[in-house]
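A short worksheet on the structure shown next.
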Amino acid sequence: MKKIGLILTALVLSAAFIAGCAPKTVTNEENKGKIKVSTTINPVDQLVHIVGKGRVETSRMVPAGSEPHDFEPTIKDMGLLTETNLMFINGLGMETWVDKAVENSGNKNLKIVDLSTGVDLIPLEGHDNETEVEHWDHGDNDPHIWLSLDALVLMAGNVEKELS
C-alpha cells in the first residue's frame, strides 16, 4: 500500500512538473502591436528576442535539432513568410535555402536582413572543407559568427537598426 502511495505521489508530481514546463500560449491580444519577423536559426532568433524585447514576435524557421544547411521550408513556413516584412538571417552561406523560400513565398515586401554585415570574419584555418566532418562548404570563413562577442555586438546593432 505504501508503494502505491509513493508511485501515485511521484506521478502527480511528475505531471505537475511537466505541465509547468509547457510553453506559454500567447494570445493574439498579447501580440497586438508587436513587429512580426521571421528568423532562421536559434542564435539569430534569440538575438532578435533580446534586442526587440517585448516588441517583437518572431517565427523561427529552422526547428531545434535541425541542420540549417539542408533545411527545407514547409508549407507552414512559407505561410509565415507571407505574414512578415523582415527576415533575419545569419548569412555567410549558413542558410542557402533562404532566397528560394522568399521567392516562393510571393511576399514582394519581405526584406532579408543579413546580420553578418560589417562583421570581421574569422578565417577557417586548418580546415579542409572537402573532408570537414559536417561536409558543408563554408568558404574561407567561419559562418558561426555569433560565437565572437565582437561580432555579436555588431549583429545586435544590425537588428536594432532594422527594428527601429
Side-chain angles (χ1 to χ4, degrees), residues 21-26 30-31 33-164:
C21 292
K24 180 184 173 193
T25 303
V26 179
E30 289 175 286
N31 285 333
K34 291 186 178 185
I35 301 169
K36 292 176 90 174
V37 300
S38 293
T39 59
T40 53
I41 58 176
N42 189 51
V44 171
D45 190 67
Q46 293 299 314
L47 186 61
V48 173
H49 270 288
I50 290 167
V51 174
K53 300 191 181 183
R55 298 180 201 103
V56 176
E57 176 190 348
T58 65
S59 298
R60 186 178 75 200
M61 304 266 310
V62 180
S66 295
E67 187 62 45
H69 300 78
D70 58 4
F71 172 74
E72 291 290 329
T74 64
I75 292 172
K76 179 182 175 186
D77 295 326
M78 301 307 287
L80 291 172
L81 288 180
T82 63
E83 300 173 1
T84 63
N85 290 327
L86 285 174
M87 181 178 196
F88 291 95
I89 67 169
N90 180 77
L92 298 174
M94 182 69 83
E95 308 100 333
T96 57
W97 48 269
V98 166
D99 289 333
K100 186 175 180 181
V102 170
E103 180 184 329
N104 289 338
S105 76
N107 186 347
K108 305 282 188 221
N109 298 320
L110 183 58
K111 179 180 180 182
I112 299 173
V113 181
D114 184 340
L115 297 183
S116 68
T117 302
V119 171
D120 289 332
L121 302 179
I122 303 166
L124 279 174
E125 296 175 7
H127 290 277
D128 178 7
N129 284 337
E130 297 293 322
T131 60
E132 209 174 89
V133 175
E134 294 179 353
H135 303 292
W136 299 110
D137 182 13
H138 291 303
D140 296 330
N141 299 302
D142 187 353
H144 306 92
I145 55 176
W146 64 88
L147 298 174
S148 161
L149 291 179
D150 291 336
L152 194 58
V153 168
L154 281 169
M155 291 171 74
N158 290 340
V159 171
E160 181 182 35
K161 176 181 157 192
E162 287 301 325
L163 291 177
S164 292

inquiry  = Do M61 and L81 have side chains that approach each other closer than 4.5 Å (heavy atoms only, starting at C-beta)?
reply    = yes
ask   = For I122, which residues count as a side-chain contact (heavy atoms from CB on, under 4.5 Å) partner, sequence neighbours excluded?
value = D142, S148
query = What residues, two or more places apart in sequence or in another chain, satisfy side-chain contact (heavy atoms from CB on, under 4.5 Å) together with N104?
reply = M78, K100
message = Within the structure provided, determine whether E57 and V37 are in side-chain contact (heavy-atom separation under 4.5 Å).
response = no
query = Within the distance-only criterion (no hydrogens, no angle test), does the side chain of N90 pair as donor or acceptor with the backbone N or O of P143 below 3.5 angstrom?
reply = yes
inquiry  = Tell me whether T82 contacts the main-chain N or O of G79 through its side chain, where contact means a donor paired with an acceptor under 3.5 Å.
reply    = yes
key: Contacts of type side chain to side chain donor-acceptor pair (under 3.5 Å), residue K36, not counting sequence neighbours   = E83
message = Looking at E160, is its backbone amide N or carbonyl O close enough to the side chain of S164 to form a donor-acceptor pair, meaning the two atoms are under 3.5 Å apart?
response = yes
key: Pairwise side-chain contact, I89 with I112, heavy-atom cut-off 4.5 Å (strictly under)   = yes
inquiry  = My understanding is that only residues two or more places apart in sequence, or in another chain, count here; which of them pass side-chain contact (heavy atoms from CB on, under 4.5 Å) with N109?
reply    = N85, N107
key: For D77, side chain to side chain donor-acceptor pair (under 3.5 Å) partners two or more places apart   = T74
message = If you define the side chain from C-beta out and look only at heavy atoms, does anything of F71 sit under 4.5 Å from H69?
response = no
inquiry  = On a heavy-atom basis, which atom in F88 and which in V44 lie closest, and how many Å separate them?
reply    = O-CG1, 3.5 Å
query = Considering only heavy atoms from C-beta outward, does the side chain of L163 approach that of L86 to under 4.5 Å?
reply = yes
key: Atom of T39, atom of R60 and distance for their closest heavy-atom approach   = OG1-CA, 3.3 Å
request  = Indicate the atoms forming the closest heavy-atom contact of V119 with A151, along with that distance.
outcome  = CG1-CB, 3.4 Å
key: side chain to side chain donor-acceptor pair (under 3.5 Å) involving N158 - partner list, sequence neighbours excluded   = none
task = Look at the side chain of E95 and the backbone N and O of P68, then say whether any donor-acceptor pair between them is shorter than 3.5 Å.
result = no
message = Counting C-beta onward and ignoring hydrogens, is there a side-chain heavy-atom pair between E72 and W97 closer than 4.5 Å?
response = no
query = Between V98 and M87, is any pair of side-chain heavy atoms under 4.5 Å apart?
reply = yes
task = Can you see which heavy atom on V56 is nearest to which on G52, and at what distance?
result = CG2-CA, 3.5 Å
